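Note that the structure is a prediction, hence the values are computed from the model and not measured. Each chain gets a letter, A, B and so on, in the order its sequence line appears, and its residues count up from 1.
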Amino acid sequence: MDTAEREKKFQEKIDSGLKVEAKEWMPENYRKQLTRMISQHAHSEIVGMLPEGNWITRAPSLRRKAVLLAKVQDEAGHGLYLYSAAETLGIDRKTMIDQLLSGRAKYSSIFNYPTLSWADIGAIGWLVDGAAIVNQTMLARGSYGPYSRAMVRICKEESFHNRQGYEIMYHLANGTPEQKAMAQDALNRWWWPSIQMLGPSDAQSKNSEETMRWKIKVESNDTVRQRFIDRTVPQAHAAGLTIPDPDLKFNEETGHWEIGEIEWTEFYRVIKGHGPCNRKRLKARQEAEREGRWVREAAAAYAAKQRARAVQAA
Amino acid sequence: MTEKEARFEYLIRLGDNALILGQRLGEWCGHAHQLESDIALTNIALDNVGQARNLLTEAGKVEGKGRSEDDLAFFRTENEFRNNLLTEQENGNFAQTITRQYLFDVFQFHLYSGLCSSTDDFLKGFAEKSVKEVTYHRKLSGDWMVRLGDGTEESHDKMQEALDILWPFTGELFEKTEADEILIASGAVPDLEEIKKIWIEETSAKIEEATLTIPDTMGYMARGSRDGHHTEYMGYILAEMQALPRSMPDATW
Amino acid sequence: MSDNTENDQGKLWEVFIQSKPGIPHKHAGSVHAHDAEMALAGARDVYTRRREGTSIWVVPSEMITATTEQDADSFFDPADDKAYRHPTFYTIPEGVKYL
């Protein structure tokens, strides 16, 4: 079979709704795009642990502390599932980590914003995880089996993340005036980055024709973004909070909430490395990697010794 | 000291140990050497925070002044905390964290095992549930002791240094107070002297397996937590942990 | 799976979890570890956080041999036309029981 024929068969498989599995033939670009996308997604989970981890030691009740620990731990788990999914495509975890630490790989721009108050923990769970869930539910329908299965598991686990975040925000919004101000301030700072994190608008997005045809993504950024907005605006209103967008209005005809202009310059600047916390986040990951090297080396050395001992005993 | 006061002190001691260790482990979240270990350390942190919640809630009930787990965790001063000095020691590197964890896990395991036959219904029920968690912690930290102690030269040196730092904080784990005497008499708690024997035997064997040496401290062992005297670390732990609720005492979370 | 040489992250292990006693172990995902005992611990900590398991197997990924896409036709299609392997293939006279 020549490549053109294989590609045709591959496309037929995708069109008929079948999943692609690790050892099956796939176009080089399909492999490349997925590897990039899954590893970026994995990096986002790992870097995403940092802004929330920032509040574990300061959570204001023991219940909240336990929930936050469990949640940040889930992010580590999700990173792990995703690295594993990417590994099925032939790249190993070490290589991916090196790509992240050397700044060659990207991760979600949202995690370059700081968590300044406890309400930010609520805002992340509610908005950032809310946006992530809408996106990931779409990705779970994608064509690559290992990625899609990881997404299913992640979505299942993340449903509590979204709820606990909203619970925090709702509680603050209905608390003392200071708490309410804290909640509104967090919403003001996290709203637009959450809107942006769903990716460039369809008009500007590269790659989208091919990724849609191969069902790497099954819906466009703008469609997913609109779904997130439609879900979230009423939630804000229910909590008595104001969305920081003077142009926000409900379109009776379409049944959708319409938002004002998105500030894309900021989005691209943060992606290029110039956000409030880019350097801090990367530095934290680099340190963990560097300071953990002797531990990994010791574990490998001990395993080698044990193998040698077993051989000697035999 | 009444039996009620003894129970309160004992519950606070157990609860504070779990809370402060959980707090320390929580600092690791997102910074471990490998994802698998990040997740493992957080599991131990979660078990400890969970135990602390049960214990402090019960302590509040025993005290009878209407204090909740959060009142006890966030609105007591350093002097009122009864956690062992070992639990508050800094995370340092992974060697220090694992050594602290192992030395404490073995203690907590045998203590909880003893509490499983307590005449006190709460302590018995609590211990039966929690000893399963601690059994796993002790296995994991023990496995790491051996891997790092008998790994590379660098890891061995780091582990020996960790043991040298932490060993002097193990003596007061077994220090008894009036509360112990009262509760031992009623069969509510095990005698820490008995636990000390098993602990020494078990940790010595593991330390040897890990090719490490128990340091000679010329008989010195730190003490103080039984009277609410802590190490320099404790003030910072509480400053961080308690800041938010204390800054808004009227708020709920 | 991918390149399984023991690099800095340890070997790759496949994790199989039995979710209830009596049912088969099912593939749950993978972990990295430098030895089997740590792989088991990692699998426990990563994949049974929500009471998903009663038993765990870990297997070095490199030990798994799998069919390939090219094998599929010759391995599986020949089973298509052997309906006589299934009980519904046979006619049983009415009224006859326990067959």
Side-chain angles (χ1 to χ4, degrees), chain A residues 1 6 9-10 13 18 20-26 35 69-71 73-74 76-98 145-146 149-150 153-154 156-157 160 289-290 292-307 310, chain C residues 1-19 25-53 56-77:
Chain A
M1 237 189 304
R6 280 185 151 166
K9 284 211 135 178
F10 180 81
K13 180 156 72 185
L18 285 173
V20 179
E21 294 300 335
K23 290 184 192 287
E24 296 174 6
W25 185 89
M26 59 189 82
T35 305
L69 271 166
K71 180 183 187 278
Q73 182 193 42
D74 271 352
H78 298 168
L80 195 153
Y81 306 159
L82 288 162
Y83 281 129
S84 303
E87 281 182 284
T88 64
L89 291 162
I91 186 169
D92 65 34
R93 195 199 281 180
K94 173 88 167 60
T95 309
M96 290 185 271
I97 291 174
D98 289 345
R149 288 191 288 274
R153 190 179 179 112
I154 290 173
K156 215 191 276 175
E157 296 187 351
F160 103 75
E289 187 63 18
R290 194 172 57 237
R293 190 171 300 136
W294 69 269
V295 180
R296 297 189 300 271
E297 281 169 4
Y302 178 79
K305 278 188 203 176
Q306 286 299 89
R307 280 196 298 270
Chain C
M1 304 288 113
S2 73
D3 162 32
N4 204 19
T5 51
E6 191 161 325
N7 66 27
D8 180 62
Q9 293 283 319
K11 272 197 210 185
L12 189 64
W13 304 72
E14 297 304 318
V15 179
F16 298 83
I17 308 238
Q18 183 189 43
S19 57
H25 287 67
K26 196 175 151 193
H27 186 237
S30 27
V31 290
H32 278 268
H34 292 86
D35 61 59
E37 223 174 338
M38 282 298 179
L40 208 50
R44 180 262 188 194
D45 281 318
V46 173
Y47 290 102
T48 65
R49 304 200 298 287
R50 291 174 166 82
R51 306 185 57 92
E52 292 98 330
I56 305 175
W57 295 344
V58 289
V59 183
S61 307
E62 65 196 357
M63 299 306 285
I64 292 180
T65 310
T67 54
T68 65
E69 199 185 11
Q70 288 77 32
D71 292 334
D73 290 354
S74 65
F75 266 62
F76 309 117
D77 288 0

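- To the nearest 0.5 angstrom, A:Arg153 atom CZ is 8.5 Å from C:Arg50 atom CZ.
- In this structure, chain C has heavy atoms under 4.5 Å from both the backbone and the side chain of A:Glu157.
- With values rounded to the nearest 0.5 angstrom, C:Glu37 atom CD is found 7.5 Å from A:Tyr302 atom OH.
- Counting heavy atoms from C-beta on, the side chains of A:Glu289 and C:Asp8 come closer than 4.5 Å.
- Counting heavy atoms from C-beta outward, A:Glu87 and C:Leu12 have side chains that approach closer than 4.5 Å.
- For A:Lys305 and C:Asp35, the salt-bridge test fails: no basic side-chain N is under 4.0 Å from an acidic carboxylate O.
- When each of A:Thr95, A:Asp92, A:Ile97 is paired with C:Gln9, the side-chain contact (heavy atoms from CB on, under 4.5 Å) condition holds for A:Ile97 and for no other.
- Contact annotation for C:Gln70: only side-chain heavy atoms (C-beta onward) come within less than 4.5 Å of a heavy atom of chain A.
- The heavy-atom pair separating A:Lys23 from C:Thr67 by the smallest distance is CD-O, 4.5 Å.
- Salt bridge C:Glu69/A:Lys13: present, at least one basic N to carboxylate O contact under 4.0 Å.
- Heavy atoms closer than 4.5 Å to chain A are found in the side chain of C:Ala66, but not in its backbone.
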